[in-house]
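Residues: numbered from 1 along the sequence shown. Predicted model, so just to flag it, every value in this text is computed and none were measured.
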Amino acid sequence: MRLAIGAAIALAAVGRAEEASAASEESASSTSIVKPTFTPTSLKAPFLEQFTDDWESRWKASHAKKDDKSTEEEWAYVGNWAVEEPSVLKGMEGDKGLVIKDRAAHHAISAKFPKAINPKGKDLVVQYEVKLQNGLECGGAYMKLLQDNKALHQEEFSNASPYIIMFGPDKCGATNKVHFIFRHKNPKTGEYEEKHLKNPPMARIVKTTSLYTLHVRPDNTFEMKIDGESVRNGTLLEDFSPAVNPEKEIDDPNDKKPEDWVDEARIPDPEAKKPEDWDEDAPFEIVDEEATKPEDWLEDEPTTIPDPEAEKPEDWDDEEDGDWIPPTVANPKCDEVSGCGKWEPPMKKNPAFKGKWSPEYIDNPAYKGEWKPRKIKNPNYFEDKTPAKFEPMGAIGFEIWTMQNDILFDNIYIGHSIEDAEKLRLESFVPKLAAEKAEEEANAPKPAEDIKSPSDLVFKDDPVRYVKEKTALFFDIAKRDPVEAIKFVPEVAGGLGVIAVTLLALLISTIAAPAAPSKAQVKAAAQKAKNAAVDAKDKAAEAAATGAEKAQAEVNKRTTRSNASS
């Protein structure tokens with residue numbers, strides 16, 4: 001009885017240890033992340049937006065109709081906006097951003113600059129944060145810097161509103177890029193043309209905040225950064241399509257290829273003749289007359305036979321369904337020989353085959369080369385050496401269609417100081433991202449623990465797991481074969497033997513001697529139990545050794561067979 005109580009206490013202790021370990025892990029994973037608190041920046045810029053409580057005095061949503069001439073359907077900007085803290089991986093307390101609230105909807109909102117921003121002769125720096133709280137499968141998260149003009153009405157802002165620069169991430173299907181597009185005015189015609197960056201970098205589709213920075217210098221060079229890391233450098237004159245400046249010369253549209261122009265570089269040899277022994281009708285393959293039937297070929301055996309294991313379905317009705325015919329299977333006898341059925345000699349390649357004759361090609365003596373129209377001066381040519389002198393910008397706008405909602409924008413900087421943009425990054429983005437990543441890591445599912453076979457466990461590495469796994473393995477095997485259980489898990493068998501012998505000794509001593517046993521009796525019983533335990537352990541070890549020997553013999557047998565077959 002005392003032993004049983006002790007075993008129960010031990011098992012309860014193991015259970016409590018496991019529960020404590022699990023609770024400890026859960027507590028560690030839910031440890032709160034220390035997050036910074038939002039404080040408005042003291043930096044100044046032509047436009048700097050952190051979406052403080054007075055944001056509505058600057059931003060106005062548009063519900064205009066979308067100008068889309070490619071379809072007869074009429075789209076309206078019905079998407080709603082809100083300014084709120086992130087709902088996913090909030091990295092800073094009290095920090096709010098502008099959020100897209102609707103899925104699969106057109107959104108448009110804009111804010112006028114206090115004063116038009118004129119970048120001529122100055123650096124232009126555009127920087128803002130994007131947080132894709134629900135990811136981004138199909139949609140944009142880019143901004144537009146709108147052209148300054150008297151017709152700039154926020155409530156009428158749409159895709160048709162003229163802009164100077166479009167910048168930011170865009171993804172849908174295989175398309176994934178950070179746009180950098182600028183509208184360039186043709187000095188001759190006065191028309192505007194979009195210039196697209198030829199090799200834009202990929203957007204970062206993550207749920208932590210991303211920072212996008214564009215720096216255009218007066219010397220026409222530019223640099224793009226993501227999270228403060230430089231991802232693309234180039235020039236406005238060389239890295240955009242169509243090019244800013246047209247070609248000086250173009251093909252003469254009135255020039256036509258002469259009728260006698262020969263532009264075939266090679267022609268069939270006119271003097272070549274088909275040889276007299278050339279047989280165009282000779283077949284590609286012929287019967288191999290030298291082949292002989294293999295000696296083990298079973299000509300009287302069919303290649304297929306009725307499936308001997310097939311049975312007529314119980315619901316088969318001969319009158320309605322007709323006579324039941326079992327399905328056929330490959331004749332197993334044919335697998336053991338070269339083949340079955342009627343033998344026919346195989347085909348072989350015809351050595352006399354030449355195919356259809358055609359003359360060889362030779363260089364064309366009349367060839368004049370590839371014809372090209374002559375070049376003339378481009379009447380529309382111009383040279384703009386300073387495309388970085390963008391026109392004045394009067395507002396910023398987000399005009400977006402997206403399948404995902406909860407896209408958040410924050411900490412928008414538009415100005416002329418890359419140093420101030422960097423200070424803002426260090427003030428807001430860096431501490432925010434650190435807290436977000438810490439929370440993301442804390443909430444991430446832990447990697448699956450390496451599953452070890454019970455035979456690979458070591459007692460000192462994890463005693464609780466060792467006992468649990470070994471005991472479970474013993475009883476699992478014992479359900480099918482108790483002897484095999486003793487062979488493969490002798491340590492559990494030995495332990496159970498000790499418990500059984502001890503209980504038996506206590507039971508016998510209790511029945512034989514109702515009175516309290518003397519010290520000598522207790523000592524004798526203990527010695528007897530000890531001897532029995534040793535004996536049980538030795539037998540278990542012997543059984544395990546026998547099992548191991550049998551297992552090794554089986555391995556040797558399989559290895560011998562494998563070597564013999566190879």
Side-chain angles (χ1 to χ4, degrees), residues 283-350 445 447-457 465-494 496-497 500 539-540 542-566:
F284 178 73
E285 288 185 323
I286 58 175
V287 175
D288 186 358
E289 302 292 349
E290 299 178 358
T292 57
K293 183 175 70 175
E295 294 182 358
D296 61 345
W297 191 278
L298 302 179
E299 198 155 10
D300 296 332
E301 283 287 343
T303 56
T304 60
I305 59 172
D307 187 353
E309 298 181 1
E311 296 182 359
K312 180 179 179 181
E314 294 181 0
D315 59 349
W316 188 277
D317 189 332
D318 289 338
E319 293 183 0
E320 293 185 5
D321 303 325
D323 294 335
W324 181 77
I325 302 174
T328 59
V329 295
N331 190 343
K333 293 182 180 180
C334 300
D335 294 337
E336 301 172 359
V337 295
S338 300
C340 295
K342 183 180 178 181
W343 180 84
E344 293 180 353
M347 303 293 287
K348 69 175 184 178
K349 186 176 179 181
N350 184 3
E449 184 181 359
D450 292 339
I451 304 301
K452 291 184 178 181
S453 168
S455 61
D456 295 333
L457 296 174
R465 185 181 176 192
Y466 179 89
V467 173
K468 188 176 180 180
E469 294 280 355
K470 290 286 187 179
T471 304
L473 179 62
F474 176 84
F475 284 109
D476 187 49
I477 299 175
K479 291 177 184 178
R480 301 188 298 271
D481 191 335
V483 176
E484 288 297 313
I486 295 173
K487 291 179 182 178
F488 287 101
V489 199
E491 53 270 60
V492 176
L496 293 176
K539 289 182 178 179
E542 181 181 356
T546 303
E549 291 174 0
K550 289 182 177 180
Q552 185 61 45
E554 181 65 19
V555 171
N556 294 340
K557 187 188 298 183
R558 292 176 182 273
T559 303
T560 303
R561 289 176 181 172
S562 176
N563 293 338
S565 62
S566 61

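- Between atom CD of residue Glu311 and atom CH2 of residue Trp324 there is a gap of 8.0 Å, rounded to the nearest 0.5 Å.
- One N or O on the side chain of Asn350 and one on the backbone of Pro283 form a donor-acceptor pair closer than 3.5 Å.
- No donor-acceptor pair closer than 3.5 Å links the side chain of Trp297 to the backbone N or O of Val337.
- You'll find the side chain of Met347 stays beyond 4.5 Å of the side chain of Asp288, heavy atoms only.
- Applying the salt bridge (Lys or Arg N to Asp or Glu O under 4.0 Å) test to Asp300 and every residue at least two apart in sequence or in another chain returns nothing.
- The distance from atom CD of Glu299 to atom NZ of Lys293, rounded to the nearest 0.5 Å, is 4.0 Å.
- Shortest non-hydrogen contact noted between Val329 and Pro308 is CG2-CD, 4.4 Å.
- Residue Lys348 places its NZ atom among more than 12 non-hydrogen atoms of other residues, nucleotides or ligands, all under 6.0 Å distant.
- Listed for the Asn331 side chain is no donor-acceptor partner under 3.5 Å among the backbone atoms of Ile305.
- Between the side chain of Asp296 and the backbone N or O of Ser338 there is at least one donor-acceptor pair closer than 3.5 Å.
- When every heavy atom of Trp343 is checked against every heavy atom of Ala291, the shortest pair comes out as CH2-O, 3.8 Å.
- At least one side-chain heavy atom of Asp318 sits under 4.5 Å from a side-chain heavy atom of Lys312.
- The SG atom of Cys334 sits 6.5 Å away from the CD atom of Glu301 when rounded to the nearest 0.5 Å.
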